[in-house]
Amino acid sequence: MNQNQNNTQELVELIKDTFEKTDFPKLTWTTNKYNNMYAWLRLENVSDLTKAAEVLQGLHARLCTVSAYTEDRSIEAKRRAIAYHFAIKSVLLCVTIQIYDKETLEPLEVPSITPYFRNADWNEREFMEMYNIKIINHPNPKRLFLDESLDAGIMTQLIPFSSMVHGTGSKDLWEQVMLEKIGHVPASFQEQCKEPSFTKVEETAKEAPKPQTEEKE
């Protein structure tokens, strides 16, 4: 084992020991083909987020980026989550948390981690503006891009481009639009979009033309 591997192993043990002293769920670990180490922490309560940020700050972690995503990709999906991607020297650690009530599916308020990681500012403001995720205690909750006259969370009302160009195209797109706007797909639309039925046409035998063997005068 070379010096770099020794250093990484010592760092892994430090991270494990640090998190074992908390009430968080146990870390899970994965590696890739280059033996890079990845730690995964799935928090059970939104209120634990600031405590996790404090622990990571104590480990001199660096916040790389933050990703909001939907666990259920259907139109009616309310199961949103956030993934916080950290680097602790040579080890990457991802903290994920559900931001909805497990019984009602209603969205939950998410505490800001900017007191511990200043670069979370941009991501959190983007979540508030475009996805209407409620971030509390943010020091500067101003919009980044969209005009104030537009509703918060406007991006959740749009049809993703990937859905527009996927599969059966326009039929799927309009079904999603109808589900979003009126809550159902009208029977008349379903009838119009049925695949056409084809009637088998019997082939009739035709006599092939005889080749011309003599020149006409």
Side-chain angles (χ1 to χ4, degrees), residues 19 22-28 39-56 63-86 93-117 120-138 141-146 148-168 171-187 189-190:
F19 276 92
T22 69
D23 297 328
F24 301 143
K26 188 175 181 179
L27 294 174
T28 56
W40 307 85
L41 173 64
R42 187 172 182 84
L43 296 176
E44 296 178 350
N45 301 304
V46 174
S47 58
D48 288 336
L49 182 59
T50 51
K51 184 178 178 181
E54 184 178 1
V55 171
L56 286 161
L63 177 64
C64 301
T65 189
V66 189
S67 308
Y69 63 98
T70 303
E71 294 179 326
D72 181 354
R73 298 181 66 86
S74 66
I75 280 292
E76 300 83 3
K78 294 184 179 180
R79 295 181 174 88
R80 293 185 183 174
I82 300 179
Y84 299 82
H85 308 275
F86 296 91
L93 191 150
C94 179
V95 178
T96 59
I97 188 165
Q98 295 172 336
I99 56 172
Y100 60 89
D101 184 279
K102 293 180 181 178
E103 294 183 1
T104 66
L105 300 185
E106 289 302 310
L108 300 174
E109 294 183 334
V110 182
S112 173
I113 63 169
T114 51
Y116 305 96
F117 299 94
D121 173 90
W122 184 283
N123 295 108
E124 291 179 350
R125 289 167 65 188
E126 184 179 40
F127 296 161
M128 288 187 281
E129 175 182 6
M130 294 191 170
Y131 303 103
N132 202 23
I133 294 174
K134 304 298 183 182
I135 305 292
I136 56 176
N137 298 326
H138 191 284
K142 294 181 179 179
R143 288 195 172 190
L144 293 168
F145 311 110
L146 301 181
E148 293 290 342
S149 62
L150 297 174
D151 293 336
I154 191 70
M155 296 299 290
T156 62
Q157 301 175 29
L158 304 179
I159 303 296
F161 181 73
S162 57
S163 298
M164 287 178 57
V165 298
H166 176 68
T168 53
K171 176 178 177 291
D172 289 346
L173 171 62
W174 283 109
E175 284 181 349
Q176 291 185 56
V177 170
M178 292 172 185
L179 285 171
E180 179 71 24
K181 296 301 182 183
I182 62 176
H184 69 283
V185 179
F189 179 81
Q190 295 176 340

Q: Nearest 0.5 angstrom please: Thr65 OG1 to Trp122 CH2, how far?
A: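 Rounded to the nearest 0.5 Å, the OG1-CH2 separation comes to 12.0 Å.
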
Q: Looking at Phe117 versus Phe86, is the centre-to-centre ring distance below 6.0 Å?
A: yes

Q: Go through the structure and list residues passing side chain to side chain donor-acceptor pair (under 3.5 Å) with Thr104, not counting sequence neighbours.
A: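 With sequence neighbours excluded, Thr104 shows a side chain to side chain donor-acceptor pair (under 3.5 Å) to Asp101, given in chain and number order.
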
Q: Quick check: do Tyr69 and Thr96 have side-chain heavy atoms less than 4.5 Å from each other?
A: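 The answer is yes; the side chains approach within 4.5 Å.
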
Q: Using side-chain contact (heavy atoms from CB on, under 4.5 Å), reason through Asp48 and Phe24 one step at a time and then give a plain yes or no.
A: CA-CA 8 Å; Asp48 288 336; Phe24 301 143; 3.8 Å; yes

Q: Give the minimum heavy-atom separation between Leu27 and Leu93, together with the two atoms involved.
A: CD2-CD1, 4.4 Å

Q: Specify the closest pair of heavy atoms between Lys51 and Asp23, including all atoms of both residues, with the distance to one decimal.
A: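 Minimum heavy-atom contact is NZ-OD2, 4.0 Å.
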
Q: I need the Ile99 CD1 to Thr70 OG1 distance, nearest 0.5 Å.
A: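 Result: 8.5 Å between the selected atoms.
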
Q: How close do Ile97 and Asn45 get, heavy atom to heavy atom, and via which atoms?
A: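 Minimum heavy-atom contact is CD1-O, 3.2 Å.
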
Q: Looking only at non-hydrogen atoms, find the nearest pair between Ala120 and Leu63 and report the distance.
A: CB-CD2, 3.7 Å

Q: How many angstroms lie between atom CD1 of Ile133 and atom CD of Glu109, to the nearest 0.5 angstrom?
A: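 With rounding to 0.5 Å, CD1 (Ile133) is 12.5 Å from CD (Glu109).
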
Q: Taking C-beta and beyond as the side chain, do Val110 and Phe127 meet within less than 4.5 Å on heavy atoms?
A: no

Q: Does the Glu124 side chain pair with the main chain of Ile113, one donor and one acceptor, at a distance under 3.5 Å?
A: yes

Q: How long is the span from the CD atom in Gln98 to the CD1 atom in Ile82, to the nearest 0.5 Å?
A: 11.5 Å

Q: Show the nearest heavy-atom pair for residues Thr50 and Ser112, with the distance to one decimal.
A: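 Heavy atoms of Thr50 and Ser112 come nearest at CG2-O, 3.9 Å.
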
Q: For the residue pair His138 and Asp121, establish whether any side-chain heavy-atom pair is separated by less than 4.5 Å.
A: yes

Q: Just do the side-chain contact (heavy atoms from CB on, under 4.5 Å) check on Tyr84 and Leu56 with the steps written out, would you?
A: CA-CA 11 Å; Tyr84 299 82; Leu56 286 161; over 6 Å; no

Q: With a 4.5 Å limit on heavy-atom distance, are the side chains of Pro111 and Val46 in contact?
A: yes

Q: If we ignore hydrogens and angles and just use 3.5 Å, is the side chain of Arg80 paired with the main-chain N or O of Tyr131 as donor and acceptor?
A: yes

Q: Can you find a heavy atom in the side chain of Pro25 that is under 4.5 Å from one in the side chain of Glu44?
A: yes

